[in-house]
Peer 1: 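Questions regarding the structure given below will be posed in turn.
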Amino acid sequence: MSLPRLSATALDSLDAAEVAVPAYDRSRVTPGIVHFGVGGFHRAHQARYLDDLMNQGKAMDFGIVGMGVMPTDARMRDALAGQDHLYTLVEKSPSGRRRARVIGSLIDYMFAPDDPRAAVARLADPAIKIVSLTVTEGGYALDANPHVPADVAALRAGQTGDLRTFFGLITAALTRRRREDTPPFTIMSCDNIQGNGDMAREMFLRFAREVDADLASWVADRVAFPNSMVDRITPETTDADRAEVASRYGYTDAWPVVCEDFSQWVIEDHFPLGRPPYEDAGAQMVRDVMPYELMKLRLLNASHQGLCYFGYLAGHRLVHEVVRDERFSRFLLAYMEQEATPSLRPVPGMDLDAYRHQLIARFGNEAVRDTVARLCAESSDRIPTWLIPVIRENMAAGRPVRLSAAIVASWARYAEGTDEQGEPIAVVDRLADSLREHAASNREDVLAFLRYREVFGDLIDHPEFTEPYAEALRSLHSHGALATVAGLVESAG
């Protein structure tokens, strides 16, 4: 007998003791947010906060309309459409406790390539007050997107039927709102970028200037781009996750989400058209997000890079396996305490020592089964965003960079494409070919990887960085990852 698929009509038949379902009437939820980048993280994080509010009877006019632009987003469209845009969120604690709930705040999904004009019309609807983004660090790279020039040309000609980028679709909607004298929506980036709102503003203004200088001035004057800090470890959904939902809860879900039980969201309170009362769901609304952003990016995200390459080279494939080795956990704590924390600003209300140790516990959450490969992906976006700023600030202040340099060296060794067991490494990165080309000369020229100035800038010109980097890379070649990490821990005291 086949199991029922998750849907609105199936909610009443679910075991309430096992799976929580929306306590609100979804037919009363109206669109107020369009979100680009509906993946696991958005559904574990922003959509969950909205669902919490709706369960309190709040924010019913802030239903989320997901919007996809990448060809792969068609899978999400089909998965969600087949189950009334509902999905299961399973939160797992380090103790192994599971909390499953069905999220109902996502009420529609549009795959923009199906009908770009309809996508623009949805964005231009006065009911939409916020357009949010989780498009990854690389998504903001205008020059790297081959569809940007065509979208600029189309908008100059007043055409919207073939738009291919979120820049084009959002700018087209802003153009229409300006023409119709409709107040512009807020653009809220939720990506792991320092000053993510500032970055979004810079890139959208660059795009708008290419289309129309007057439009760009209007965007600069009228559109809000609040900064935010987001945090929740959310691995990619696997077939094992789907099977677990089916076996535990008695129904099928085409695309459930599994995540840790920790969540944090710090938001700059700048929403001219209004916003949901996010603070009532546990978010922190602040005037300045920067201290919290730096804390998260330089402690959590950079530490992920600190464990993933060393860990993969040593043969580990799951994150919790890496930090269970005391050598790795001590290395990460040493990096956080000695190099990352000195580069931070004061963080109101945070005990940084407790936060650092909490991170180690979160990384060790076996129930989440986060993969090392996920953390190793797209390193050319992540290392320059999360780690290199730590290195530069510490060098400028005369502080040590030995551990940070070793992390970069571990990436260089990983990018060679073979682990310590001689097995091939699938380097997942938009610059994978160029990275491998530079890393191929590591043994003959210990600084070969750093000669990729498009990624590293002038780091190669700083001996206070290159000397510990070269020492770590030579050790990786001669002694391996475990011995290298052990030596770094010993030297760090």
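Quantities reported herein were computed from a predicted structural model and do not represent experimental measurements.
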Peer 1: Looking at side-chain heavy atoms only, is the closest gap between Pro272 and Thr186 below 4.5 Å?
Peer 2: yes
Peer 1: Using a 4.5 Å cut-off on heavy atoms from C-beta on, say whether the side chain of Phe207 contacts that of Leu155.
Peer 2: yes
Peer 1: Going through the distances and angles, do Asp239 and Arg242 end up as a salt bridge (Lys or Arg N to Asp or Glu O under 4.0 Å)?
Peer 2: CA-CA 5 Å; Asp239 287 340; Arg242 295 180 177 89; 3.1 Å; yes
Peer 1: Would you mind telling me which of Glu91, His45, Gln46 makes a side-chain hydrogen bond (donor to acceptor under 3.5 Å, both in side chains) with Arg232?
Peer 2: Glu91
Peer 1: Look at atom CZ of Arg430 and say whether more than 12 heavy atoms of other residues, nucleotides or ligands are closer to it than 6.0 Å.
Peer 2: yes
Peer 1: Look up atom NE2 in His316 and atom CD in Glu321, then write down how far apart they are to the nearest 0.5 Å.
Peer 2: 6.5 Å
Peer 1: Taking CZ in Arg164 as the centre, count heavy atoms belonging to other residues, nucleotides or ligands within less than 6.0 Å. Is the count above 12?
Peer 2: no
Peer 1: Among pairs that include at least one residue of residues 119-139, which meet salt bridge (Lys or Arg N to Asp or Glu O under 4.0 Å), considering only residues two or more places apart or in two chains?
Peer 2: Asp108-Arg122
Peer 1: Considering residues, nucleotides and ligands other than Met203, do more than 12 of their heavy atoms fall under 6.0 Å from its CE?
Peer 2: yes
Peer 1: Rounded at 0.5 Å granularity, tell me how far CD1 in Ile107 sits from CD1 in Ile64.
Peer 2: 8.5 Å
Peer 1: Tell me whether Arg28 at atom CZ has more than 12 heavy atoms from other residues, nucleotides or ligands lying less than 6.0 Å away.
Peer 2: no
Peer 1: Could you grab the distance from atom CD of Glu268 to atom CZ of Arg287, nearest 0.5 Å is fine?
Peer 2: 10.0 Å
Peer 1: Thinking salt bridges, do Arg77 and Asp114 make one under a 4.0 Å N-O criterion?
Peer 2: yes
Peer 1: For residues His304 and Phe363, establish whether the separation of their ring centroids is below 6.0 Å.
Peer 2: yes
Peer 1: Could you state the interatomic distance from CG (Leu431) to CD (Glu378), rounded to the nearest 0.5 Å?
Peer 2: 8.5 Å
Peer 1: How are the rings of His42 and His35 set to each other: parallel, tilted or perpendicular (split at 30° and 60°)?
Peer 2: parallel
Peer 1: Salt bridge or not between Asp52 and Arg48? Use side-chain N to carboxylate O under 4.0 Å.
Peer 2: yes
Peer 1: Ignoring hydrogens and angles, tell me if any N or O in the side chain of Asp51 forms a donor-acceptor pair with the backbone of Ile103 under 3.5 Å.
Peer 2: no
Peer 1: Decide, yes or no, whether a salt bridge links Arg201 with Asp198 under the criterion of side-chain N to carboxylate O below 4.0 Å.
Peer 2: no
Peer 1: What orientation do Tyr414 and Tyr312 show, parallel under 30°, tilted 30 to 60°, or perpendicular over 60°?
Peer 2: perpendicular
Peer 1: Arg43 side chain to Trp255 main-chain N or O, any donor-acceptor pair under 3.5 Å?
Peer 2: yes
Peer 1: Report, as yes or no, whether the 6.0 Å neighbourhood of atom CG on Asp269 holds more than 12 heavy atoms from other residues, nucleotides or ligands.
Peer 2: yes
Peer 1: Hey, is CD on Glu337 packed in by over 12 heavy atoms from elsewhere, all under 6.0 Å?
Peer 2: yes
Peer 1: Is the Phe166 ring parallel, tilted or perpendicular to the Tyr140 ring (thresholds 30°, 60°)?
Peer 2: perpendicular
Peer 1: Take a 6.0 Å sphere around CD of Glu326 and say whether it holds more than 12 heavy atoms from other residues, nucleotides or ligands.
Peer 2: no
